[in-house]
There are 2 protein chains.
Amino acid sequence: MVQFNQAHLDASFAALSDVTRRGVLEQLGRADASITDLADRFEMSLTGMKKHVGVLEQAGLVITEKVGRVRNCKLGVRGLQEVAAWIERYHQLWDARFCALDQIVEELKRKEKIDGRKKK
Amino acid sequence: MVQFNQAHLDASFAALSDVTRRGVLEQLGRADASITDLADRFEMSLTGMKKHVGVLEQAGLVITEKVGRVRNCKLGVRGLQEVAAWIERYHQLWDARFCALDQIVEELKRKEKIDGRKKK
DNA sequence: ATTAAACTGAACCATATGGTTCAGTATGAG
DNA sequence: CTCATACTGAACCATATGGTTCAGTTTAAT
């Protein structure tokens with residue numbers, strides 16, 4: 001089984017746990033943007049937006065590059081892969097458990113049907 | 001496009017951003033457990049573990065039920081689905097952009113090859 | 001009836017987070 | 001050269017987070 005970089009997972013999930021930052025990612029999904037663009041879009045101070053971008057960059061979810069006096073922000077490659085991998089693996093655990101659960105549910109439904117008939 | 005419950009996404013991602021809580025989920029993937037079980041496993045006070053479980057439960061990632069004096073914890077259904085859906089949709093944005101990027105990269109490689117030949 | 005186990009809630013603590021303002025620095029335009 | 005733009009860093013603030021201890025309460029076992 002793959003070994004995950006827990007610190008990186010911490011940073012990535014934390015970065016994703018804020019509605020503004022998810023918004024920024026969505027925005028960058030449409031087009032690259034400067035800090036000013038993003039600050040305007042989300043009605044926030046430049047400094048505030050800079051911090052959000054910093055968090056996203058730390059998590060590898062965006063990449064930025066300073067060109068002249070403007071910092072260009074774009075989606076990063078590195079970030080989401082491990083997160084998606086973790087979710088995926090976790091989903092498997094989940095399914096394994098719910099397979100069992102599904103059977104129980106089916107069993108219950110079958111019984112209900114019978115009970116229903118009896119009550120009629 | 002699906003509209004996401006942002007508050008719930010906040011809670012879920014935040015819940016997942018802690019290594020102990022991810023560990024708890026993994027543990028519950030193997031078997032249901034009591035608060036005491038989990039506290040022992042992660043070498044933490046009962047109260048501390050209770051808080052973690054509370055966070056996970058709030059996010060719908062676990063379900064608990066008090067049976068006698070012990071609280072039984074198990075994986076929840078409700079939680080991961082929206083998270084997985086968000087990641088999935090986001091992945092699509094990503095791919096769309098990287099498709100374009102790939103083309104650019106290919107283009108650059110092609111040019112480099114030519115330049116390389118010229119320099120020789 | 002006693003006692004131990006398992007949890008729960010309140011209070012506390014240190015640090016992190018999400019925001020702000022203010023005072024810079026660096027760069028592009030005229 | 002001058003000035004506005006775009007960012008950056010420091011300091012601050014309120015609230016949240018991850019943990020603890022201590023003092024209950026409820027339930028199970030003897």
Side-chain angles (χ1 to χ4, degrees), chain A residues 6-28 31-74 76 79 83, chain B residues 6-28 31-74 76 79 83:
Chain A
Q6 297 297 340
H8 180 235
L9 280 175
D10 279 11
S12 299
F13 279 123
L16 291 171
S17 75
D18 179 276
V19 68
T20 302
R21 286 194 291 261
R22 288 194 303 276
V24 167
L25 290 179
E26 187 149 354
Q27 193 61 28
L28 295 181
D32 294 358
S34 68
I35 305 283
T36 301
D37 291 341
L38 295 170
D40 287 352
R41 187 75 180 15
F42 293 91
E43 291 172 322
M44 181 178 296
S45 68
L46 270 184
T47 313
M49 182 49 72
K50 173 85 185 315
K51 277 194 189 178
H52 280 307
V53 170
V55 171
L56 289 166
E57 192 167 18
Q58 205 65 23
L61 291 163
V62 313
I63 296 171
T64 75
E65 186 195 9
K66 188 106 181 225
V67 178
R69 60 184 168 177
V70 29
R71 177 170 296 278
N72 195 256
C73 308
K74 63 182 181 191
V83 171
Chain B
Q6 297 297 337
H8 180 235
L9 280 175
D10 279 11
S12 300
F13 278 123
L16 291 171
S17 75
D18 180 278
V19 67
T20 301
R21 286 194 292 260
R22 288 195 303 275
V24 167
L25 290 179
E26 187 149 354
Q27 194 60 28
L28 295 181
D32 294 356
S34 69
I35 304 283
T36 301
D37 292 340
L38 294 170
D40 287 352
R41 187 73 180 16
F42 294 91
E43 292 172 320
M44 182 179 296
S45 69
L46 269 185
T47 312
M49 182 49 72
K50 173 88 186 315
K51 278 195 188 178
H52 280 307
V53 170
V55 171
L56 288 167
E57 191 166 20
Q58 204 65 22
L61 292 162
V62 314
I63 295 171
T64 75
E65 187 195 10
K66 188 106 182 223
V67 178
R69 61 181 168 178
V70 27
R71 178 169 295 278
N72 196 255
C73 308
K74 63 182 179 189
V83 171

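Since the model is a prediction, treat every value here as computed from it, not as a measurement. A, B, ... follow the sequence lines: proteins, then strands. Residue 1 opens every chain.
Contacts between residues 50-62 of chain A and DNA chain C, defined by a heavy-atom separation below 4.0 Å, involve A:Lys51, A:His52, listed by number. Contacts between residues 15-26 of chain A and DNA chain D, counted as heavy-atom distances below 4.0 Å, involve no residue at all.
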Side-chain donor-acceptor pairs of residues 42-54 of chain A under 3.5 Å, sequence neighbours excluded:
from    : atom 1 : to      : atom 2 : distance (Å)
A:Ser45 : OG     : A:Gly48 : N      : 2.9
A:His52 : ND1    : A:Arg21 : NH1    : 3.2

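Counting non-hydrogen atoms under 4.0 angstrom, B:Ile35 reaches the backbone sugars and phosphates but no base. Base contact: A:Gly48 has a heavy atom under 4.0 Å from a base atom. Using a 4.0 Å heavy-atom distance criterion, B:Ser34 is classed as a sugar-phosphate-only contact.
In this structure a side-chain-to-backbone donor-acceptor pair under 3.5 Å is missing from A:Ser12 to A:Leu9.
A donor-acceptor contact under 3.5 Å is not formed by the side chain of A:Arg69 with the base of C:dA26.
Sequence order on DNA chain C of the closest nucleotides to B:Asp37 and A:Thr47 puts B:Asp37 first from the 5' end. In terms of position along DNA chain C, the nucleotide closest to A:Ala14 lies nearer the 5' end than the nucleotide closest to the other residue of the pair A:Val67 and A:Ala14.
Note that CG of A:Leu25 and CG of A:Leu61 are 5.5 Å apart. Values are rounded to the nearest 0.5 Å.
The separation between A:Leu46 atom CG and C:dT21 atom P is 11 Å, rounded to whole Å.
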